[in-house]
Amino acid sequence: MSFCLKPYEERRTSAMKETIIQLLASEFAGSLSADDIGRLLEIPPSPEMGDYAFPCFTLARVLRKSPVTIAEELMKKIMPNEAFEKITAMSGYLNFFVDKNQFAASVLSRALAEGYGRNKTTATVVVEFASPNTNKPLHLGHLRNMSIGESIARILQFRGNNVVRTSINNDRGVHICKSMLAYRKEGGGATPQSTGKKSDHFVGDYYVLFSRNAAADPSWNDQARQMLRQWEAGDEQVRELWKTMNGWALDGFRRTYALFGIHFDKEYFESDIYTFGKEIIREGLERGVFFRRDDGATVVDLEAEKLGTKVLLRPDGTSVYIVQDLYLAVLKHDEFACDRSLYVVGNEQEFHFSVLKTILKKLGSPVAEKIHHLSYGMVELPEGKMKSREGTVVDADDLINETKNLAAEEVGSRYRLDDAETGQRSLAIALAAIKYQLLRVDIGKTMLFDPKKAISFEGDTGPYLLYSYARASSILRKAPAVPSAIAAGGDFNGSEIALIKQLDRFPEAAAFAGDKLSPSIIANYGFGLAQAFNEFYHASPVIGSDREQFRLRLVAAFRAVLKNCLWLLGIEAIEEM
RNA sequence: GCGCCCUUAGCUCAGUUGGAUAGAGCUACGGAUUUCUAAUCCGUCGGUCGCAGGUUCGAGUCCUGCAGGGCGUGCCA
């Protein structure tokens, strides 16, 4: 099921398209709505064929005429029209050539105005992402998750929503006890401070140590389970150790979040909420949605929904994971009065979320219709899947630091800068490279991440966008003030028109990205925009040209729109590379 | 076994919800810098859109079947 926000109050299409839609809508009053026409309108394969095209094939049946005839008749009816240079009828298509002066003036004034591409819907949306386990440091998979979560949050904000960023820390359970056990047995009192290790990596090392030991001696697994029982019984020493190590893990995560440029409005902890949800269980039993099985377990029958039978409480009365998720879903809804509640979670949990949603639905909860699993695909390496046991996991901090070092080399080979400036630029470039790489692929798809290519700074990459932005900034820095109105019209060259058309498409791209909850739409649009700019840059000198005034405005508009694209991707724009 | 997802150039990916001649980046090769940042730009090479049917004036896009791959199908989280 696709997820859509409320209808848009503001015009979401391009100026050019809107003009054509209105024109055609008055011609087809009754037979075709403005929406229908908007859907049918397309961009011809080449600019020589027109700026927009309207295919007449669907009308052929209704009007009992050939598409060719319809196109020709329409052309005669519409022309002359001051908005168009000409309109031609070609093999069943009606091709529109817009008046470039009017078009350019309209696009530039809109693109330079405040709020270009935004709208005013005011829904509240909760976006939950990151949600790490506190037993090992963040890895590449978390970086995809975090990039998606932050970008989605920003896209929704940009589209007028009130966005709340949350994370649930999975800080209890047997996997947490594993690193605790290894530390207690073999840590020898070492600390992150004493070893100089980043604290979450320090914790992760003991998780690895546990895995190694448990492989040789399976009794380690029993000891971990024993420790979990002690934890649940409130054993003071175990709780103390847990507090300390969780603190280390969380401190480390927060440093990575800060480095990566994300934050949360609210963090939840599994240890706080895992015992709750009894109220939901009681309600379900009362209503006959849940029932008690012979062995004492509390279960819900989802056979009708083809989801099997789900156990909620074990025979001993302890609850399974989904109960706390039910609780948290309701908690977030009550706490933020949200209209939507999104979960950025990997696609391996699709089944879990359909169960969660179905149970809420059976309970008659309004939350059921508001939650949406934003499922994303796994990240694979050239060698295949990442496996923590085999040590093929790409660590988040390591990746950021290595990419930053490579960016610093690139910066250093071009400019003579002090360390602080080099550090700042290379971090921005590295993050742009990583985030863009992770966001350019459709979120639903499994993606391949080649660390060697991730640090490439050429072509379809984050640094390419940054570089384009820096070039535009450089022109504007060196130029006289940008005029507030177009001084020159006249003959537009191909690179100017191509760039203007690309700018005109931004509101459509932003709206579409918001509808589909898809950062890759912004990434791909932004790349196309930067490409159009770089082509313009080579073909059209700005400063000192006889079209300087107009081109300065064009560069300023480009810079503003690209800056928004970068922001929507969670990427910081820098003025100089 | 069953359910969901994926398959487009050598590689990585787009393809605006069914429209004209399927695009980009990387790789390889060849070019562009007295001029606003060459992390750029231009050109060449590269396609049975996994396979087979179907619907349609029109299919990479929708439907069915098949093949290959991934994920799930826990009283784990």
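In the text below, chain A, chain B and the rest are named by the order of the sequence lines, each starting its count at 1. What you see is a predicted model, and the numbers here were worked out from it, not measured in a lab. The analysis underlying the following values was restricted to heavy atoms, covering all of them including side chains, and did not include hydrogens, waters or symmetry mates.
Atom name C1', nucleotides U21(B) and C49(B): the rounded distance is 15 Å, in whole Å. Nucleotides U7(B) and U61(B) place their C1' atoms 14 Å apart, quoted to the nearest Å. Across C29(B) and U16(B), the matching P atoms stand 35 Å from one another, rounded to whole Å. Spacing between C62(B) and G70(B) at atom C1', rounded to whole Å, works out to 24 Å. Comparing G60(B) with G50(B), their P atoms are spaced 10 Å from each other, to the whole Å. G58(B) and C2(B): their C1' atoms are spaced 37 Å apart (whole Å). Straight-line distance between the P atoms of A39(B) and U27(B): roughly 14 Å, to the nearest whole Å. Rounded to the nearest Å, the gap between the C1' atom of U35(B) and that of U40(B) is 15 Å.
G25(B): Watson-Crick or G-U partner is C11(B), with both key distances under 3.5 Å. Pairing for G18(B) is absent, with no Watson-Crick or G-U wobble pair whose two atom distances lie under 3.5 Å. Across every strand in view, C45(B) sits unpaired, with no contact that passes the Watson-Crick or G-U test at under 3.5 angstrom. Figure legend. C66(B) is base-paired to G50(B); pairs are counted as Watson-Crick or G-U wobble with both atom distances under 3.5 Å. Of all nucleotides present, only U40(B) satisfies the Watson-Crick or G-U wobble test against A32(B), with each distance under 3.5 Å. In a base pair of the Watson-Crick type (N1 to N3 plus N6-O4 or O6-N4) or a G-U wobble (N1-O2 and O6-N3), with each distance short of 3.5 Å, U61(B) is matched with no nucleotide. Across all strands shown, U56(B) has no partner, as no Watson-Crick or G-U wobble contact with both distances under 3.5 Å is found.
The residue L40(A) sits apart from the nucleic acid: no heavy atom pair falls under 4.0 Å. Within the nucleic acid shown, T58(A) comes within 4.0 Å of at least one base atom, counting heavy atoms only. Counting non-hydrogen atoms under 4.0 angstrom, A53(A) reaches a base of the nucleic acid. Contacts of V174(A) with the nucleic acid, taken as non-hydrogen atoms under 4.0 Å apart, are absent. D442(A) comes within contact range of the sugar-phosphate backbone alone, with a heavy-atom separation under 4.0 Å but no base atom that close. Within 4.0 Å of Y321(A), counting heavy atoms only, lies at least one base atom of the nucleic acid. Across all strands, P67(A) comes closer than 4.0 Å to no nucleic acid atom at all (heavy-atom distances). When heavy atoms are screened at a 4.0 angstrom cut-off, E270(A) is found touching the sugar-phosphate backbone but no base atom. Within 4.0 Å of M49(A), counting heavy atoms only, lies at least one base atom of the nucleic acid. Within 4.0 Å of E42(A), counting heavy atoms only, lies at least one base atom of the nucleic acid. Contacts of N95(A) with the nucleic acid, taken as non-hydrogen atoms under 4.0 Å apart, include base atoms.
Taking the six-membered ring for Trp and the full ring otherwise, the centers of F276(A) and Y327(A) sit less than 6.0 Å from each other. Between Y464(A) and Y436(A), a ring centre-to-centre spacing not shorter than 6.0 Å is recorded. Taking the six-membered ring for Trp and the full ring otherwise, F269(A) and W242(A) have centroids separated by 6.0 Å or more.
As rounded to whole Å, 13 Å separates atom P of G69(B) from atom CD of E380(A). Atom pair Y436(A):OH and A24(B):C1' shows a separation of 10 Å (rounding to whole Å applied). The NE2-C1' distance, from H352(A) to G3(B), rounds to 18 Å in whole Å. Taking atom CG of residue N524(A) and atom C1' of nucleotide G15(B), one finds them 9 Å apart after rounding to whole Å.
Side-chain N/O atoms of K453(A) include none lying less than 4.0 angstrom from OP1 or OP2 on C13(B). Here Q531(A) reaches the OP1 or OP2 of G25(B): one of its side-chain N or O atoms lies under 4.0 Å away. For the pair K445(A) and U7(B), the criterion of a side-chain N or O lying under 4.0 Å from OP1 or OP2 is met. Here Y464(A) reaches the OP1 or OP2 of C41(B): one of its side-chain N or O atoms lies under 4.0 Å away.
Closest contact between the side chain of S91(A) and the listed nucleotides A20(B), C4(B), C75(B) involves A20(B). The side chain of V320(A) approaches A77(B) more closely than any other nucleotide in the set A77(B), C13(B), G70(B). Ranking C71(B), C4(B), C76(B) by closeness to the R314(A) side chain, first place goes to C76(B). Nearest to the side chain of D460(A), among C41(B), C71(B), G25(B), sits G25(B).
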Could you pull out the protein-nucleic contacts involving nucleotides 34-37 of chain B (nitrogen or oxygen on both sides, under 3.5 Å)?
from   : atom 1 : to      : atom 2 : distance (Å)
C36(B) : O3'    : K478(A) : NZ     : 3.1
C36(B) : O2     : I543(A) : N      : 3.1
C36(B) : N3     : V542(A) : N      : 3.0
C36(B) : N4     : Y537(A) : O      : 2.6
C36(B) : N4     : S540(A) : O      : 3.1
U37(B) : OP1    : S474(A) : OG     : 2.1
U37(B) : OP2    : S474(A) : OG     : 3.2
U37(B) : OP2    : K478(A) : NZ     : 2.4
U37(B) : O2'    : Y467(A) : OH     : 2.4
U37(B) : O2'    : R471(A) : NE     : 3.0
U37(B) : O2     : Y415(A) : OH     : 2.5
U37(B) : N3     : Y415(A) : OH     : 3.2
U37(B) : O4     : M577(A) : N      : 2.8

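Position along RNA chain B of the nearest nucleotide to V311(A) versus E410(A) favours E410(A) as the more 5'-ward residue. Of the two residues near RNA chain B, N347(A) and A297(A), the one whose nearest nucleotide lies more 5' is N347(A).
Classified by interplanar angle (parallel below 30°, tilted 30° to 60°, perpendicular above 60°), the ring pair H142(A)/H139(A) is tilted. Between F506(A) and F158(A), the ring planes lie perpendicular to each other; the angle is over 60°, past the 30° to 60° tilted range. Note on ring orientation: taking the six-membered ring where Trp is involved, the planes of F533(A) and F558(A) are parallel (angle under 30°, cut-offs 30° and 60°). Ring planes of Y343(A) and F353(A): tilted class, angle from 30 to 60°.
Between V379(A) and G141(A) the shortest heavy-atom distance is CG2-CA, 4.5 Å.
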For this session: Would you please test N169(A) and E270(A) for side chain to side chain donor-acceptor pair (under 3.5 Å) and show each step?
Result: CA-CA 6 Å; N169(A) 291 295; E270(A) 195 188 326; over 6 Å; no
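A stacked arrangement is not assigned to Y93(A) and the six-membered base ring of G19(B), the conditions of a centre distance below 5.5 Å and an interplanar angle below 30° not being jointly met.
Taking 90° from 0 as the syn/anti boundary, the base of U17(B) is oriented syn.
Classification of E575(A) and R559(A) as a salt-bridged pair holds, one side-chain N sitting under 4.0 Å from a carboxylate O. A salt bridge does not link D316(A) to R314(A): none of the charged side-chain nitrogens sits closer than 4.0 Å to a carboxylate oxygen. Ionic pairing of D222(A) and R225(A) is present here: one or more N-O contacts between side-chain nitrogen and carboxylate oxygen are shorter than 4.0 angstrom.
Between the side chain of N534(A) and the base of A38(B), no donor-acceptor pair of N or O atoms lies under 3.5 Å. The base of C11(B) has none of its N or O atoms less than 3.5 Å from a complementary donor or acceptor on the side chain of D450(A).
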